[in-house]
Amino acid sequence: SMSASEVSERLAGSAGGGGETFRSGAPSLPGAAASHRGIPVRLTAALLHLDVARLHQAHVLAALGLPQGQGGQGGQGGGVDLVVGCSFADLLPPARLARSLLRIGQGGALLYLPITFAGSTEFDPPDWQTSNSGNSVDSGKSDGRKGFAGLSPALEPAHPGSGGGGGGGLGRLPTDALVETAYHCHLEQGEGQHLDLEALVAAASASGFSLLARGASDWVMTPAHDPSCRPMCGAMLNFLARAVPPALLKQGFSPAEWLMLKRVGLGAKGGDAAQDRAGGDCLSLVVGNEDLLFSIPSARAWQVADYEAAVLTAPRTVAVKVRRRKGGGPPAGMVEVKSAWSMISNGTELKFYRGEFDKKDGPLDANIEGLSDAGMGYPMEYGYSLAGVVTSVGAGVDAAGWVGSRVFCFAPHASAHCLDPEGGALRKIPRGIDLQDAVFLPAVETALSIAHDAHPRACERVAVFGQGLIGLLVTCILAPSCRLSAVDPQRERRDRAKGLGACEALTPEEAAASATHGRFDVVIEVSGSASALGSALACTTPGGRLVLASWYKGDVTLDLGTAFHRSHVHIVASQVSELPAAVRGTWTKERRFEAAWDLIRELRPSKALGPWLRVPGLGGLKKAYDALDKRGAVTALVEYHAKDPKARSRL
């Protein structure tokens, strides 16, 4: 183990052309936040506690614990000088890993990736137990990148079990090559790891990284010679055996017997030297790793033209700012989107427009890239429903796969955006859905999440209080499966709800009167009105469910006395950022997005939910906010190229 200063000296020597190969040992950097010879060190041990799915979703700067402004992109804060990712690079897609690292290290910084898994796990010599018993099998060489689907188990050579064919053995022994290939495929297909080291090098090169040094750092575990490696060796054997797929078990292969013999052969349980082969060699388990050293390129200038962005500068105040951009196209790993339409949220967004938020509430949106780091306060750029077309891409992005694509963006109102295609803020729009309808994606996803929280049973009576945008969508989703009553003071909205499948449409007064003759089993409150919340609670039958999907201004007064407690009403808080607990075992966010797209294709909300306001460019945004604030239209859509017929035809 070397000190941080020794590591930095070795890295500096290689960067200067020394060409030193970094071998096994994974040099550690002791001392969190310590300083060695003036070099500040930040340990990132917290990454060890994150699973692969979390790594895919987490913002890289936040995951590494770096302060805001410390990323290398754009030169803000200077970035870091040395990034070390030990046994880490196979956990992220190569192109995304390269893009993420561009944000962390400043231009000219060093990227050191020691003990990077090279996709090779082998026994030396192969098929030890068969060779030792006099059988000869050509096991070949495993390669995790082939994919297990291409392997024919019926043609793969297999060793007879200890009892032979029907002689009392546990089954046929799979060859080492078969187990190794199954293991590598499990890592790729089951665990989502990326084992193609050449793909990593190619992706880094495409993003402007320079490969300075590369060398093997294999793990060679021979327990008969080094008892200290027995625990790790035993763990690796378990990983290998558990990766054998059920298809092979049905054909009589016995990973359990293979595991038992390998444990004996390796001495992983503390066996003696009797495991040596006739030639005197001991069985070893070899995991192929490599150490890689890159230099990180400087952040690239980007953007092809100026663009406009809407900024909330104070309550009920909107400004349109011109963002000056440097030429040269998008930066590496990014795509530029020309906006076509964006939708105003007449719920959350209107509250921000009015100034009805608490600065202590945290980020604007914890799950939307670009808003996850923005606190609640003016000035703010807000919005999360935008659709457009990709016009250009940066280095490392497949131009053929992206340029010209119609995309949805979780992004604020602006005439253009530059986004990471792998960051979660960008989604390609499926065929059969136009750009106007695509901007309804977050609203439809929200309505679907509310429906999951409500979970009405067959023939239950359901009331939806509030028939704005979200209320109408909830009505549309639930009406086919239950007896649904839509509640809203505006006749036009009530009529629209009946057209979408509601059995009846009631005023709040009518709903209160009907509750005296039989309350609702499920009540969903999406009006945003504090007075409606009290009515919704009063209309919920004892033992029923009240789903709250609105934000309310200031304090809310409810009668929570004896009658409420005796009613045993379940009050459920609903918010789309996380999956409802009841469906996490069967639903994922990706599945919910796909279902939302299907609903959009079927409903065509831009035509079914009207009337909505057409806003000709960002200059009309304030008038649109004020009109929505008067509870007129259901929503408003900003059209970015209303004055440019050529642009409209292209989009």
Check: [X]/[Y] side-chain N/O donor and acceptor closer than 3.5 Å:
{"X": "Glu191", "Y": "His186", "value": "yes"}
{"X": "Thr588", "Y": "Glu590", "value": "no"}
{"X": "Glu349", "Y": "His413", "value": "yes"}
{"X": "Tyr640", "Y": "Ser342", "value": "yes"}

Please check if atom [atom1] in [X] has more than 12 non-hydrogen atoms from other residues, nucleotides or ligands closer than 6.0 Å.
{"X": "Arg591", "atom1": "CZ", "result": "yes"}
{"X": "Glu492", "atom1": "CD", "result": "no"}
{"X": "Lys428", "atom1": "NZ", "result": "yes"}
{"X": "Arg584", "atom1": "CZ", "result": "yes"}

Inset, instruction - Give me the ring orientation class for Tyr625 and Tyr353: parallel if the planes are under 30° apart, tilted from 30 to 60°, perpendicular past 60°. - result: parallel
Legend entry - Phe410 ring center near Tyr384 ring center (under 6.0 Å): no
Is any side-chain heavy atom of [X] closer than 4.5 Å to a side-chain heavy atom of [Y]?
{"X": "Leu441", "Y": "Ile600", "answer": "yes"}
{"X": "Tyr307", "Y": "Lys321", "answer": "no"}
{"X": "Leu473", "Y": "Ile450", "answer": "no"}
{"X": "Val569", "Y": "Pro542", "answer": "no"}

Nearest 0.5 Å please: distance from the [atom1] atom of [X] over to the [atom2] atom of [Y].
{"X": "His452", "Y": "Ile477", "atom1": "NE2", "atom2": "CD1", "result": "8.0 Å"}
{"X": "Cys482", "Y": "Phe520", "atom1": "SG", "atom2": "CZ", "result": "11.0 Å"}
{"X": "Ser385", "Y": "Phe440", "atom1": "OG", "atom2": "CZ", "result": "9.0 Å"}
{"X": "Leu537", "Y": "Phe465", "atom1": "CG", "atom2": "CZ", "result": "10.0 Å"}

Using modelled atom types only, decide if a donor and an acceptor are shared between the side chain of [X] and the backbone of [Y] within a distance under 3.5 Å.
{"X": "Ser405", "Y": "Val407", "value": "no"}
{"X": "Asn346", "Y": "Leu628", "value": "no"}
{"X": "Thr446", "Y": "Val576", "value": "no"}

Legend entry - Set of side chain to side chain donor-acceptor pair (under 3.5 Å) partners for Arg354, sequence neighbours left out: Glu356, Asp629
Legend entry - Contacts of type side chain to side chain donor-acceptor pair (under 3.5 Å), residue Glu594, not counting sequence neighbours: none
Legend entry - Nearest heavy-atom neighbours spanning Met343 and Val439: CE-O, 3.7 Å
Legend entry - Minimum heavy-atom distance Val556-Leu533, with the two atoms named: CG1-CD2, 3.6 Å
Legend entry - Lys622/Asp626 ion pair, N-O < 4.0 Å: yes
Legend entry - Carboxylate-amine/guanidinium proximity below 4.0 Å for Glu308 and Arg323: no
Inset, instruction - Could you give me the CA-CA distance, side-chain angles and deciding distance for Glu460 and Arg483, then say whether salt bridge (Lys or Arg N to Asp or Glu O under 4.0 Å) is met? - result: CA-CA 6 Å; Glu460 282 191 321; Arg483 180 173 176 78; over 6 Å; no
Inset, instruction - Enumerate the residue pairs fulfilling salt bridge (charged side-chain N to carboxylate O under 4.0 Å, His left out) with a member in residues 596-610, sequence neighbours excluded, ordered by first and then second residue. - result: Asp434-Arg604, Asp434-Lys607, Asp437-Arg604, Asp598-Arg601
Legend entry - Stepwise side chain to side chain donor-acceptor pair (under 3.5 Å) check, Glu188 with His194: CA-CA 6 Å; Glu188 288 187 315; His194 302 267; over 6 Å; no
